[in-house]
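The structure appears right after this line, and notes come after that.
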Amino acid sequence: QEQLVESGGGLVQAGDSLLLSCVTSRRTVRNYAMGWCRQAPGKERELVATITTGGTTGYADSVKGRFTISRDNAKNTLYLRMNSLKPEDTALYYCTATLKYYSEIDDYLRLDAYPYWGQGTQVTVSS
């Protein structure tokens with residue numbers, strides 16, 4: 001079982017920024033493709049950002065241009081920088097990881113690509 005521990009969520013106003021962090025093991029951050037998923041109340045989970053071991057990134061249309069995913073292998077940490085936050089970004093945000101390989105980055109935006117999940121960190125954006 002891979003360990004993924006998220007932090008950085010909170011209550012912010014529309015237009016604000018937040019930086020989410022996911023601390024994991026040295027093996028995971030170096031060898032797994034990783035992503036951020038969110039689930040709003042009453043809605044299905046949505047994979048919003050992904051990064052491969054080679055550093056290729058992909059984003060859901062709903063966050064493209066506002067969110068940036070990155071990883072710091074030296075700190076064993078995955079990040080999600082969220083700018084220009086909107087009330088519809090309110091959700092529980094999960095860190096995810098996978099050893100599966102896909103040739104297309106869009107395939108890493110599929111929920112079924114990720115067998116490993118953290119416990120989540122809550123992000124609430126007020127209008």
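Atoms considered below: every heavy atom in the structure, side chains included; atoms not considered: hydrogens, waters and symmetry mates. If you're wondering where the values come from, they're calculated on a predicted model, not measured in any experiment.
Of all heavy-atom pairs between A14 and P87, the closest is CB-CD, 4.1 Å. Scanning all heavy atoms of the two residues, the minimum distance from G9 to L20 falls at N-CD2, 3.6 Å. Between D72 and V29, the shortest heavy-atom contact is O-CG2, 4.4 Å. Between A40 and A91, the shortest heavy-atom contact is N-CB, 3.8 Å. Heavy-atom minimum distance, L78 versus I51: CD1-CG2, 3.7 Å. When all heavy atoms are compared, the tightest approach of M34 to C95 is CE-SG, 3.7 Å.
The hydrophobic cluster containing Y93 does not contain Y79, counting ILVMFWY residues as joined when their side-chain heavy atoms lie under 4.5 angstrom apart, directly or transitively. In the hydrophobic clustering of ILVMFWY residues, with side-chain heavy atoms under 4.5 Å counting as a link, L99 and W36 come out together. Residue M82 is not grouped with residue L11 when hydrophobic side chains (ILVMFWY) are merged at heavy-atom distances under 4.5 angstrom, including chains of intermediate members.
Taken from OG in S127 to CD in Q13, the straight-line distance is 9.0 Å, to the nearest 0.5 Å. Considering CZ of R71 and OG1 of T57, their distance stands at 11.5 Å, rounded to 0.5 Å. How far CG of L18 is from OG1 of T121: 8.5 Å, rounded to the nearest 0.5 Å. To the nearest 0.5 Å, atom OH of residue Y32 and atom OG1 of residue T53 are 12.0 Å apart. Taking CG of N31 as the start and OG1 of T98 as the end, the distance is 12.0 Å to the nearest 0.5 Å. Once rounded to the nearest 0.5 Å, the distance linking CZ of R81 with CD1 of I69 reads 14.0 Å.
For S25, the side-chain hydrogen bond (donor to acceptor under 3.5 Å, both in side chains) partners two or more places apart in sequence, or in a different chain, are T28. Legend: residues meeting side-chain hydrogen bond (donor to acceptor under 3.5 Å, both in side chains) with R66, ordered by chain and number and at least two apart, are D89. Applying the side-chain hydrogen bond (donor to acceptor under 3.5 Å, both in side chains) criterion to R30, with sequence neighbours excluded, gives N76. The side-chain hydrogen bond (donor to acceptor under 3.5 Å, both in side chains) check on E46 picks up R38, S62, with sequence neighbours excluded.
A donor-acceptor pair is defined here as one N or O able to donate and one able to accept, closer than 3.5 Å; no such pair exists between the side chain of T50 and the backbone of G58. Side chain of E6 to backbone of G120: a donor-acceptor contact under 3.5 angstrom is found.
Grouped with Y101 in one hydrophobic cluster are L47, L92, Y94, Y102, I105, Y108, L109, L111, Y114, W117, the linkage being side-chain heavy-atom contacts under 4.5 Å among Ile, Leu, Val, Met, Phe, Trp and Tyr residues.
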Worksheet item: What do the steps show when you test V125 against D16 for side-chain contact (heavy atoms from CB on, under 4.5 Å), and what is the final call?
Response: CA-CA 8 Å; V125 185; D16 286 351; over 6 Å; no
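Between Q122 and T90, some side-chain heavy-atom pair lies under the 4.5 Å cut-off.
Atom CD of Q3 is surrounded by 12 or fewer heavy atoms from other residues, nucleotides or ligands within 6.0 Å.
Listed by first and then second residue, the salt bridge (charged side-chain N to carboxylate O under 4.0 Å, His left out) pairs that reach into residues 100-110 are D107-R110, R110-D112, sequence neighbours excluded.
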